[in-house]
Engineer: 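Here it is, the structure in full.
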Amino acid sequence: MWSALVSLVILLICVYLYLGVHIVVYSAFTVGLLLMAQVLRQRGRGMSEGFERAVLITGCDSGFGYQLAKTLDSMGFTVFAGCLCSDGHGAQTLAKEGSQRLRVLQLDVTRDEDVRLAKTLVEANLPEKGLWAVVNNAGISDWGETEWNSIEDYQKMADINLFGSIRTSIAFLPFVRASKGRMVFVSSIFAFFNCMNMGAYSMSKRGLEAFADCLRVELSSFDVKVSIIQPGNFGPATNIRTKKTTQEIWDKLDEEHKLIFNRSYIEIANSYFQSSCNAGFKDCRMVIDAMVHALTAPNPKARYLLVSLVERMFFSVFSLLPTVITDAVFTISPIYHKRKAMLYL
């Protein structure tokens with residue numbers, strides 16, 4: 001580096017002696033731009049191949065996990081694809097179409113025994129450079145007003161989305177720390193965007209981000225990078241949507257809540273939620289690209305917000321507004337006014 005700078009200085013002096021100061025300024029500016037471009041290229045250059053490095057991914061039955069497993073396998077990584085149903089269609093397809101480096105694991109992240117067995121299998125089959133990363137992708141989604149959900153509903157959401165990631169992370173951290181690798185957590189915009197009917201899901205994802213943020217600070221001492229993926233509406237591109245009928249929602253309510261919530265409103269809310277999900281991204285390439293960057297870039301982002309340009313602008317402004325205004329934003333929604341008119345107040 002220093003020899004290159006000395007050579008540059010000598011060159012500029014020679015140019016000045018023969019051609020004058022203006023040419024020197026122009027030359028220095030041009031060379032400076034070229035050097036800056038080279039530095040940026042070097043800084044952005046990460047691993048293009050994953051040979052002899054392993055990655056564990058949870059929730060590979062479908063959606064993001066399934067696509068990421070195929071992508072990393074094609075890049076040369078040893079992939080441990082954790083599936084809830086190891087004999088299901090997604091798991092069997094990965095096993096059939098993947099290379100010999102891809103191994104499908106039975107992994108229910110809510111079960112200590114599944115995680116323990118997965119850890120034993122991974123440890124016995126690690127490549128030379130060890131376990132590079134864990135991608136905590138397994139998760140479920142659901143919607144419903146706060147009072148429509150039982151304690152069991154909240155516990156199930158937290159067991160998978162939050163405690164499942166914590167359980168898996170703690171089990172595999174020694175391997176990732178040894179390789180100075182990566183921990184990636186799949187969160188959601190609902191971790192910070194508190195809208196109606198998403199209370200249980202938001203609770204689990206907000207807790208997940210709190211865990212990941214604390215982990216990132218602690219693991220920096222070991223040169224381990226932690227990234228959070230925040231997808232927007234990718235309902236059509238994944239199987240995370242929960243479909244339920246108005247009757248199913250109504251039957252869960254006790255008599256007290258049936259006196260408060262109008263059945264017609266539940267039907268409208270159900271239709272609104274399903275149509276909103278159907279309006280999302282139909283391809284998950286944006287999310288997969290972000291995951292790959294988090295796993296391979298020398299300086300991955302702490303957060304990857306994956307939404308449309310309009311949504312990105314909205315969230316940038318939204319986060320700066322006082323609560324009284326952000327709460328009032330929801331009154332603009334037509335579903336809000338229909339809801340208020342239909343409730344038995």
Engineer: Begin from the C-alpha positions of I249 and W143 and carry the test side chain to side chain contact (heavy atoms under 4.5 Å, CB included) through to its verdict.
Structural biologist: CA-CA 11 Å; I249 299 172; W143 73 280; 3.8 Å; yes
Engineer: So, for W250 and N262, which heavy atoms are closest and what is the spacing to 0.1 Å?
Structural biologist: CZ3-C, 4.3 Å
Engineer: Do F330 and F193 make the cut of ring centroids closer than 6.0 angstrom?
Structural biologist: yes
Engineer: If we ignore hydrogens and angles and just use 3.5 Å, is the side chain of N137 paired with the main-chain N or O of G59 as donor and acceptor?
Structural biologist: yes
Engineer: Of all residues at least two apart in sequence or in a different chain, which pass the side-chain contact (heavy atoms from CB on, under 4.5 Å) check with Q67?
Structural biologist: C284, I288
Engineer: Any idea which heavy atoms bring L105 and A118 closest together, and the distance?
Structural biologist: CD1-CB, 4.1 Å
Engineer: Could you tell me whether I325 atom CD1 has more than 12 heavy atoms of other residues or ligands within 6.0 Å of it?
Structural biologist: yes
Engineer: Measure the OG1-CG distance between T245 and D251 for me, rounded to the nearest 0.5 Å.
Structural biologist: 7.5 Å
Engineer: Contact between T110 and F163 at the side-chain level, heavy atoms closer than 4.5 Å - yes or no?
Structural biologist: no
Engineer: Which residues satisfy the salt bridge (Lys or Arg N to Asp or Glu O under 4.0 Å) test with R216, sequence neighbours excluded?
Structural biologist: D213
Engineer: Tell me which pairs pass salt bridge (Lys or Arg N to Asp or Glu O under 4.0 Å) where either residue lies in residues 150-163, with sequence neighbours left out.
Structural biologist: D153-K252
Engineer: Search all heavy atoms of S227 against all heavy atoms of K301 and return the closest pair with its distance.
Structural biologist: OG-O, 2.7 Å
Engineer: With sequence neighbours left out, what residues match F190 under ring-ring contact (aromatic ring centres under 6.0 Å, His included)?
Structural biologist: none
Engineer: May I have all residue pairs that pass side chain to side chain donor-acceptor pair (under 3.5 Å) and include part of residues 307-322, sequence neighbours excluded?
Structural biologist: S308-E311
Engineer: Would you say V292 and L295 are hydrophobically clustered, going by side-chain heavy atoms of ILVMFWY under 4.5 Å?
Structural biologist: yes
Engineer: State yes or no: do L321 and V307 share one hydrophobic cluster built from I, L, V, M, F, W and Y residues joined by side-chain heavy-atom distances below 4.5 Å, directly or via other members?
Structural biologist: no
Engineer: Run the side chain to side chain contact (heavy atoms under 4.5 Å, CB included) check on R206 and N194 step by step: do they pass?
Structural biologist: CA-CA 10 Å; R206 191 169 295 187; N194 50 299; 4.0 Å; yes
Engineer: In Å and rounded to the nearest 0.5 Å, what is the CG to CG distance from D114 to L84?
Structural biologist: 8.5 Å
Engineer: Which distance, rounded to the nearest 0.5 Å, do you find between the OG1 of T71 and the OH of Y66?
Structural biologist: 10.5 Å
Engineer: Suppose we screen for side chain to side chain donor-acceptor pair (under 3.5 Å). Which residues come up paired with D87, at least two apart in sequence or across chains?
Structural biologist: none
Engineer: For E97, I'd like to know if atom CD has over 12 heavy atoms of other residues, nucleotides or ligands within 6.0 Å.
Structural biologist: yes
Engineer: Tell me the closest heavy-atom pair linking L253 and I266, and the distance in Å.
Structural biologist: CD1-CD1, 3.7 Å
Engineer: Does a side-chain heavy-atom distance below 4.5 Å link S165 with V109?
Structural biologist: no
Engineer: Distance-only, no hydrogens or angles: does the Y154 side chain make a donor-acceptor pair with backbone N or O of T146 under 3.5 Å?
Structural biologist: yes
Engineer: Give every residue pair that meets the side chain to side chain donor-acceptor pair (under 3.5 Å) criterion with at least one member in residues 166-175, sequence neighbours excluded.
Structural biologist: D112-R167, N136-S169
Engineer: Going by atom types alone, do Q106 and S86 pair a side-chain donor with an acceptor below 3.5 Å?
Structural biologist: yes
Engineer: So do the side chains of K180 and F222 get within less than 4.5 Å of each other, counting heavy atoms only?
Structural biologist: no
Engineer: Does the pair L173 and L219 meet the rule for a side chain to side chain contact (heavy atoms under 4.5 Å, CB included), with working shown?
Structural biologist: CA-CA 10 Å; L173 261 178; L219 291 182; 3.6 Å; yes
Engineer: Is there a side-chain contact between W132 and T296 in this structure, where contact means two heavy atoms from C-beta onward sitting under 4.5 Å apart?
Structural biologist: no
Engineer: Not counting sequence neighbours, which residues clear side-chain contact (heavy atoms from CB on, under 4.5 Å) with E147? List them please.
Structural biologist: H257, F261
Engineer: D283: which residues meet the side chain to side chain donor-acceptor pair (under 3.5 Å) condition with it, sequence neighbours left out?
Structural biologist: none
Engineer: Should V115 and M183 be regarded as members of a common hydrophobic cluster, given that ILVMFWY residues are connected when their side-chain heavy atoms come within less than 4.5 Å of each other, either directly or indirectly?
Structural biologist: yes
Engineer: Is it true that M203 and I140 fall in one hydrophobic cluster, defined by side-chain heavy atoms closer than 4.5 Å?
Structural biologist: no
Engineer: Taking only residues two or more places apart in sequence or in another chain, which ones pass side chain to side chain donor-acceptor pair (under 3.5 Å) with K244?
Structural biologist: D142
Engineer: When you look at CD of Q100, are more than 12 heavy atoms from neighbouring residues, nucleotides or ligands closer to it than 6.0 Å?
Structural biologist: no
Engineer: Does a side-chain heavy-atom distance below 4.5 Å link M313 with V317?
Structural biologist: no
Engineer: Checking S99 now: which residues fulfil side-chain contact (heavy atoms from CB on, under 4.5 Å) with it, not counting sequence neighbours?
Structural biologist: D73, R101
Engineer: SG/C195 to CG/D327 distance, rounded to the nearest 0.5 angstrom?
Structural biologist: 12.0 Å
Engineer: Whether the side chain of E52 engages the backbone of E128 through a donor-acceptor N/O pair (distance < 3.5 Å, no angle test) should be reported.
Structural biologist: yes
Engineer: Suppose the criterion is side chain to side chain donor-acceptor pair (under 3.5 Å): which pairs have a residue in residues 182-191, not counting sequence neighbours?
Structural biologist: S187-E209
Engineer: Yes or no on side chain to side chain contact (heavy atoms under 4.5 Å, CB included) for F315 and Q230, after CA distance, side-chain angles and deciding distance?
Structural biologist: CA-CA 12 Å; F315 288 131; Q230 296 176 317; over 6 Å; no
Engineer: Linking I/L/V/M/F/W/Y whenever any side-chain heavy atoms sit under 4.5 Å apart, do I228 and L208 land together?
Structural biologist: no
Engineer: Got a second to check how far L306's CG is from F64's CZ, nearest 0.5 Å?
Structural biologist: 8.0 Å
Engineer: Would a 4.5 Å heavy-atom cut-off, applied to side chains only, mark M291 and I57 as touching?
Structural biologist: no
Engineer: Determine the minimum heavy-atom distance between N161 and S204, stating which atoms define it.
Structural biologist: ND2-OG, 3.1 Å
Engineer: If I compare all heavy atoms of V104 with all of C83, which pair ends up nearest, and what's the gap?
Structural biologist: CG1-SG, 4.0 Å
Engineer: Working to the nearest 0.5 angstrom, can you tell me the gap between L102 CG and L72 CG?
Structural biologist: 9.5 Å
